[in-house]
> 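Please find one structure pasted underneath; my questions will follow.
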Amino acid sequence: MGRLVTFLTHVHTISGPVLMLLYPLYASVVAIESPSREDDKQWLAYWILYSFLTLTEMLLQSLLEWIPIWYSLKLVLAAWLVLPQFKGAAFVYERYVREHITKFIGVQDHQFSHTESPIASGSGGKGKKRSVQFATPD
């Protein structure tokens with residue numbers, strides 16, 4: 001029985017980094033290489049929310065260590081944000097975060113059209129190689 005508890009403790013401990021970092025890292029690379037923009041939104045939203053969660057956790061660490069199930073709650077939240085069946089990160093970002101962020105940084109909706117975007121200009125679209133031209137002094 002002791003070995004089973006030890007094994008489950010190790011699985012629980014390793015599941016956090018795998019669920020919150022390794023899988024999102026892999027999925028983000030796949031999203032960048034795919035022609036779809038929907039998966040880009042999901043993973044950019046995830047990294048924004050993960051950063052916010054990490055910063056909040058750092059600030060409230062002394063409080064959160066008194067909550068015994070905090071790590072398990074964080075894993076469940078991360079699973080909901082990450083798993084493609086739920087697309088939780090995109091949902092939370094669109095529903096709650098987006099309007100506050102845009103007010104804070106002063107970005108208007110659709111500030112750049114696809115043809116005006118500095119990234120899209122000269123690229124021909126997502127997934128194609130982009131060239132960068134640097135201005136050099138003469």
> Output yes when a side-chain donor or acceptor of Y71 lies under 3.5 Å from a complementary backbone atom of T13, and no otherwise.
yes
> What distance separates I67 CD1 from S72 OG, expressed to the nearest 0.5 Å?
12.0 Å
> Measure across A89 and L49 and return the closest heavy-atom pair with its distance rounded to 0.1 Å.
O-CD1, 3.6 Å
> Run the salt bridge (Lys or Arg N to Asp or Glu O under 4.0 Å) test against K74 and tell me which residues pass, sequence neighbours left out.
E57
> Run the ring pair (Phe, Tyr, Trp, His ring centres under 6.0 Å) test against Y23 and tell me which residues pass, sequence neighbours left out.
W43
> What closest approach, in Å, do L19 and L75 show between heavy atoms, and which atom pair accounts for it?
CD2-O, 3.4 Å
> One pair to check against side chain to side chain contact (heavy atoms under 4.5 Å, CB included): L25 and L21. What are the steps and the verdict?
CA-CA 6 Å; L25 176 65; L21 294 171; over 6 Å; no
> Give the minimum heavy-atom separation between W66 and S62, together with the two atoms involved.
CD1-O, 3.0 Å
> Under 3.5 Å, side chain of Q42 to main-chain N/O of L81, donor-acceptor pair present?
yes
> Can I101 be reached from L44 by stepping across I, L, V, M, F, W or Y side chains whose heavy atoms are under 4.5 Å apart?
no
> Side-chain heavy atoms under 4.5 angstrom apart, residues restricted to Ile, Leu, Val, Met, Phe, Trp, Tyr: same cluster for F104 and I48?
yes
> So how far is it from I14 CD1 to L22 CG, rounded to the nearest 0.5 Å?
8.0 Å
> Please give me the minimum heavy-atom distance between Y46 and M20, naming the atom from each residue.
OH-O, 2.6 Å
> Quick one: do F52 and Y93 end up in the same hydrophobic cluster if we chain Ile, Leu, Val, Met, Phe, Trp and Tyr together by side-chain heavy atoms under 4.5 Å apart?
no
> Hydrophobic clusters here meaning ILVMFWY residues chained together by side-chain heavy-atom distances under 4.5 Å, can you tell me if L64 and I69 are in one?
yes
> How long is the gap from CD on E38 to NZ on K41, to the nearest 0.5 Å?
5.0 Å
> More than 12 heavy atoms of other residues, nucleotides or ligands under 6.0 Å from CD of Q61: yes or no?
no
> When clusters are formed by joining ILVMFWY residues with side-chain heavy atoms under 4.5 Å apart, either directly or through shared neighbours, do W70 and V76 land in the same one?
no
> Please report the interatomic distance NZ(K87) to CD(E94), rounded to the nearest 0.5 Å.
12.0 Å
> Can you see which heavy atom on D39 is nearest to which on S34, and at what distance?
OD2-OG, 2.5 Å
> Taking the side chain as C-beta and beyond, is there a heavy-atom pair between Y50 and P24 under 4.5 Å?
no
> Looking at CD1 of I105 and NE2 of H100, how far apart are the two atoms once the value is rounded to the nearest 0.5 Å?
13.5 Å
> Search all heavy atoms of Y96 against all heavy atoms of F91 and return the closest pair with its distance.
CE1-CE2, 4.2 Å
> Other residues, nucleotides and ligands only: do more than 12 of their heavy atoms fall within 6.0 Å of CG on L59?
yes
